[in-house]
Student: 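The structure is given below, and queries will be raised subsequently.
The structure presented is a predicted model; accordingly, all values stated were derived computationally and were not measured. Heavy-atom basis, side chains included; hydrogens, waters and symmetry copies ignored. If you read the sequence from its start, that first residue is 1, and numbering goes on from there. Read the numbers this way: they start at 1 and go in the same order the structure lists the ligands and their atoms.
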Amino acid sequence: MDFDDTPEEATFRAECRRWLAANAELKARPDEVFGSSLDAGARVQAAREWQGRKAAAGFGAITWPQAMGGRGGTPIQEVIFREEEGRYRVPTHVFAVSLGMVIPSVAAHASPEVLARHIGPALHGRELWCQLLSEPGAGSDLGMVRTKAERCTDGPEGQSGWRLNGQKVWTTLAQYADFGLVLARTDPKVPKYEGLTSFFINMRAPGVEVRPIKQSSGEAEFNEVFFNDVFVPDAQRVGAVGSGWKVTLTGLMSERLSIGGTLPSELVRMTYRLMCDQHMGGAPAIADGRMRERLADLYLQHHGLWLQQCRGLTALGKGQAPGPELSVAKIVGARALQDFAYLAIDLKGARGVLAGDDAGDGWEQVERLWHGAASMRIAGGTDEIVKNNVGERVLGLPPEPRSDKGVAFDQLPR
Ligand SMILES: Cc1cc2nc3c(=O)[nH]c(=O)nc-3n(C[C@H](O)[C@H](O)[C@H](O)COP(=O)(O)OP(=O)(O)OC[C@H]3O[C@@H](n4cnc5c(N)ncnc54)[C@H](O)[C@@H]3O)c2cc1C
């Protein structure tokens, strides 16, 4: 594939550039992190406003159909917009789960009334959605979800619906979310994936308790969420009773379609600069063969991931879904980011313990990666789970033995 823009792509890129130049400020440095002086709540608010402006200009959900308020554009156009947006000092990622995973599930399975009420506010950033899947005993294997939804007739004003009880964990941005999509068990008497149903809830409904989890960085990006007899009207069921796994897979597939796994090219340059500036045994670190080997490894990973991304883009350009290269890119990319951050801190020696603000330009990104890269090896499928998938689906290795197949959920050993 030719990686230069086609004439249509070049026209679209020019439109993105014009709009971004008129609506945002360029970053001072490529590695500048948006809103580092803001608290998390203010960053989320800024992201809501930015999403609203993008949506009003037709850049809020480029690949969504026009009937949903999107642009009806191509995945390549989405990639082009993200590339251009990355050069500006604007909040990104806050709506990744809401618009990239949750709303696509809701849109594919909820009633027209639900879509008419909720899609617009989500697209324009007025309402943020979170994804309530993982539980203390159900992460890699969501089939083990134990949060219960039981039919009831004692809702407000005698409404019938469902009572929700249980706990979720690692729910990104739940403390700021307006709505959440919950995967719950409605029938424990059937095999684990068959007894699940999806519902959406108002995050401020009585009985919903959100407890932020403080991370080593000092931030609380994700949360525990408890449901204590939460009443959910049947109109908030998404999809048929028992089809929660199908609804969940829609969201997980949307996540997989997002192109990721590249390493910012400034990381290699930054490592090179650090190796030139930092001294080991009286000489610049770059003079040491072991250090040059690590730099070469980083460069090779960066280049390999770029080639993988090209393969993914080629598939998208031909109207196909990207294949297993994105799984490989996820494993290698997350690992490489973590290795980079550890190496950079080590190279700084004693000054490596300084906080980003004190250690100088460009250090904030290193600090964020040092704290955050490990989570990239877990979110969206741990390294081991992705390797299992690659083994089974790409290499055709025998699948893991599954003793729970066909066994009712309530008969499974705990
Ligand atoms: C930054 C971040 C954001 C997240 N956001 C959300 C969110 O918004 N909503 C949400 O619902 N969840 C979210 N999660 C949770 C995430 O989906 C889970 O952490 C992930 O699926 C792993 O599940 P777990 O933590 O329960 O680990 P477990 O599944 O308990 O795994 C523990 C360990 O066992 C290994 N393991 C498990 N099964 C196998 C196997 N079959 N073969 C080999 N090894 C295995 C795993 O690789 C891991 O090392 C988020 C996680 C992170 C890190």
Student: Just to check, does Asn388 reach to within less than 4.0 Å of ligand 1 when the distance is taken from its heavy atoms?
Tutor: yes
Student: Pick, from Ala379, Gly372, Ala174, Gly381, the option with the minimum heavy-atom distance to atom 52 (C) of ligand 1.
Tutor: Ala379
Student: Of all the non-hydrogen atoms in the protein, which one sits nearest to atom 9 (N) of ligand 1, and at what distance?
Tutor: Gln131 O, 2.7 Å
Student: Can you tell me which residue and heavy atom of the protein come closest to atom 38 (N) of ligand 1, and the distance to 0.1 Å?
Tutor: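 Closest protein heavy atom to atom 38 (N) of ligand 1: Ile385 CD1, 3.6 Å.
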Student: Please lay out, stage by stage, how Asp234 and Trp162 fare under the test side-chain hydrogen bond (donor to acceptor under 3.5 Å, both in side chains).
Tutor: CA-CA 7 Å; Asp234 194 51; Trp162 302 80; 2.8 Å; yes
Student: Regarding Arg43 and Glu219, does a basic nitrogen lie under 4.0 Å from an acidic carboxylate oxygen?
Tutor: yes
Student: Provide, to 0.1 Å, the distance between atom 44 (N) of ligand 1 and the closest protein heavy atom, together with that atom's residue and name.
Tutor: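 Minimum-distance protein heavy atom for atom 44 (N) of ligand 1 reads Glu384 CB, 3.5 Å.
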Student: With a 3.5 Å cut-off and no angle check, do the side chains of Asn165 and Asp229 form a donor-acceptor pair?
Tutor: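 Yes, a side-chain donor-acceptor pair sits under 3.5 Å.
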Student: Quick one: look up the protein heavy atom nearest atom 24 (P) of ligand 1 and list residue, atom name and how far away it is.
Tutor: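 Heavy-atom neighbour on the protein nearest atom 24 (P) of ligand 1: Gly139 CA, 3.9 Å.
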Student: Looking only at non-hydrogen atoms, which of Ser140, Cys130, Ala96 approaches atom 28 (P) of ligand 1 most closely?
Tutor: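 Closest candidate by heavy-atom distance is Ser140.
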Student: Please determine if Asp141 and Arg402 form a salt bridge, counting it only when a charged side-chain N lies under 4.0 Å from a carboxylate O.
Tutor: no
Student: What's the verdict on side-chain contact (heavy atoms from CB on, under 4.5 Å) for Phe59 and Glu15, showing C-alpha distance, side-chain angles and the deciding distance?
Tutor: CA-CA 10 Å; Phe59 297 113; Glu15 185 188 339; 3.9 Å; yes
Student: Locate the shortest heavy-atom distance separating Val145 from Arg185; write the atom from each residue and the value.
Tutor: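 Shortest heavy-atom contact: O-NE, 2.9 Å.
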Student: With backbone taken as N, CA, C and O and side chain as the heavy atoms from C-beta onward, which portion of Glu400 lies under 4.0 Å from ligand 1: side chain, backbone, both, or neither?
Tutor: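 The answer is the side chain of Glu400.
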Student: Looking only at protein heavy atoms, identify the closest one to atom 15 (C) of ligand 1 and say how far it is in Å.
Tutor: Ser134 OG, 3.2 Å
Student: Find the distance between CE (Met376) and CD1 (Ile331) and round it off to the nearest 0.5 Å.
Tutor: 15.5 Å
Student: Look up atom 34 (O) of ligand 1 and tell me if a protein heavy atom lies less than 4.0 Å from it?
Tutor: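 When distances to the protein are checked, atom 34 (O) of ligand 1 has no heavy atom within 4.0 Å.
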Student: Enumerate the atoms of ligand 1 whose separation from the nearest heavy atom of Ser375 is less than 4.0 angstrom.
Tutor: 1 (C), 53 (C)
Student: For Arg163, does the CZ atom sit with more than 12 other heavy atoms under 6.0 Å from it, leaving out its own atoms?
Tutor: yes
Student: Distance to 0.1 Å, residue and atom name: give those for the protein heavy atom nearest to atom 3 (C) of ligand 1.
Tutor: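 Answer, as residue, atom name and distance: Thr172 OG1, 3.3 Å.
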Student: Please say whether the positively charged group of Arg211, taken as NZ for Lys or CZ for Arg, lies over the ring of Phe226, i.e. under 6.0 angstrom from the six-membered ring centre and within 45 degrees of the axis.
Tutor: yes
Student: Just need the protein heavy atom nearest to atom 7 (C) of ligand 1, so name the residue and atom and give the distance.
Tutor: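 For atom 7 (C) of ligand 1, the nearest protein heavy atom is Trp170 O, 3.1 Å.
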Student: Quick one: look up the protein heavy atom nearest atom 1 (C) of ligand 1 and list residue, atom name and how far away it is.
Tutor: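 Scanning the protein heavy atoms, the shortest distance from atom 1 (C) of ligand 1 goes to Phe222 CE2, 3.4 Å.
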